[in-house]
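Numbers restart at 1 for each chain; the letters A, B, ... are given by sequence-line order, proteins then strands.
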Amino acid sequence: MKTGSGRAGQQAARRLRRMHDLLAAAYGPQHWWPAATPLEMILGAYLTQNTAWKAVERSLENLRRAEALTVEGIRALSVDALRVLIQPSGFYQRKAPSIKAFVALLDAEFSGSLEAMAQMPSEALRAKLLALPGVGPETADAILLYALGHAVPMADEYLRRIATRHGLVEGEAKIVRYEHLAALTRAAFAEDSAARRTILYNEFHALTVAVGKAHCGRTARCEGCPLECDLALRS
DNA sequence: CGCCAGGCCGTGT
DNA sequence: ACACGGCATGGC
């Protein structure tokens, strides 16, 4: 059965929507976008893979000082130079070539223009991004949503934990598929207009990260969480 | 000092 | 299809 169809799915979707409302009330607008430039969002999406954002900021600062926070800037850097600049956020042997591969795709198929890339329909572009090295479902959707303004839902480790700990999905957190969570998020905002969904997906993911950092890491820190899950009581 | 962080990929079953 | 280890650094 597909997520969102069926009584249990609709119930979970409604509860997820309610979580968004609670988080929005508790934390307010997150301004993840358009605060940063599209390319900065893309670089952040790569650099933050299993990495604390604090470390990503150091790398972005290095890139800023090297005037490499633009497509031209990244293009002009050698892979080796890029590796050095992004060292603080780890996994640089993989991330540096991956970032260069993104720019290579941008140049080869979109004349180096992010605006041109953004014109491609979401589904086709998502497939292209997923074919790139170092781009999985979360990074692809982060690029689509935050850098290119497409109305695609996002999921991440925090949402996985939240959904699992609140009983919105079956099974242990680790075996809950990304696509399942994304579909659940789509269902949660299905009644909103297309234009509004981009904003809602954007804010919801940012809010998920905000509450996740504070209260829903690998080890639960439920104290004071606005979502008030009863994890402490259950375990 | 040990655990954790806004994943992804190759390998083995 | 799914589990599991490796990737690397810095913060707490």
- Message: Using the P atom as the point on both nucleotides, what is the distance between dA8(C) and dT11(B), in whole Å?
- Response: 16 Å

- Item | P spacing across the pair dC12(C) / dG6(B), given as an integer number of angstrom | 12 Å

- Message: Of all nucleotides in DNA chain B that come within under 4.0 Å of a heavy atom of chain A, which is furthest toward the 5' end and which toward the 3' end?
- Response: dC4(B) to dC9(B)

Presence of salt bridge, [Y] and [X], under 4.0 angstrom:
| X | Y | value |
| --- | --- | --- |
| R18(A) | D21(A) | no |
| K128(A) | E109(A) | yes |
| R64(A) | E61(A) | yes |

Is the [atom1] atom of [X] crowded by more than 12 outside heavy atoms at less than 6.0 Å?
| X | atom1 | value |
| --- | --- | --- |
| R75(A) | CZ | yes |
| E72(A) | CD | yes |
| R196(A) | CZ | no |

- Message: For the residue pair T139(A) / Q49(A), report whether a side-chain donor-acceptor contact shorter than 3.5 Å exists.
- Response: yes

- Message: Any donor-acceptor pair under 3.5 Å linking the side-chain atoms of K95(A) with those of T51(A)?
- Response: yes

Please report, to 0.1 Å, the donor-acceptor pairs under 3.5 Å made by any side chain of residues 26-41 of chain A, with sequence neighbours excluded.
{"from": "Q30(A)", "atom 1": "NE2", "to": "G28(A)", "atom 2": "O", "distance (Å)": "2.8"}
{"from": "W33(A)", "atom 1": "NE1", "to": "Y146(A)", "atom 2": "O", "distance (Å)": "3.0"}
{"from": "T37(A)", "atom 1": "OG1", "to": "E40(A)", "atom 2": "N", "distance (Å)": "3.2"}

Touch check for [X], heavy atoms < 4.0 angstrom, all strands: base, sugar-phosphate only, or nothing?
| X | result |
| --- | --- |
| R161(A) | sugar-phosphate |
| T219(A) | sugar-phosphate |
| V135(A) | sugar-phosphate |

- Message: Using the side-chain hydrogen bond (donor to acceptor under 3.5 Å, both in side chains) criterion, which residues pair with R186(A)? Sequence neighbours excluded.
- Response: none

- Message: So, using side-chain hydrogen bond (donor to acceptor under 3.5 Å, both in side chains) as the criterion, who are the partners of S122(A) when residues are at least two apart?
- Response: H150(A)

- Query: Near DNA chain B, under 4.0 Å by heavy atom, which residues of residues 125-133 of chain A?
  - Reply: L132(A), P133(A)

- Per-nucleotide protein contact string for nucleotides 7-12 of chain C (B base, S sugar-phosphate only, - none; heavy atom under 4.0 Å): BBSSS-

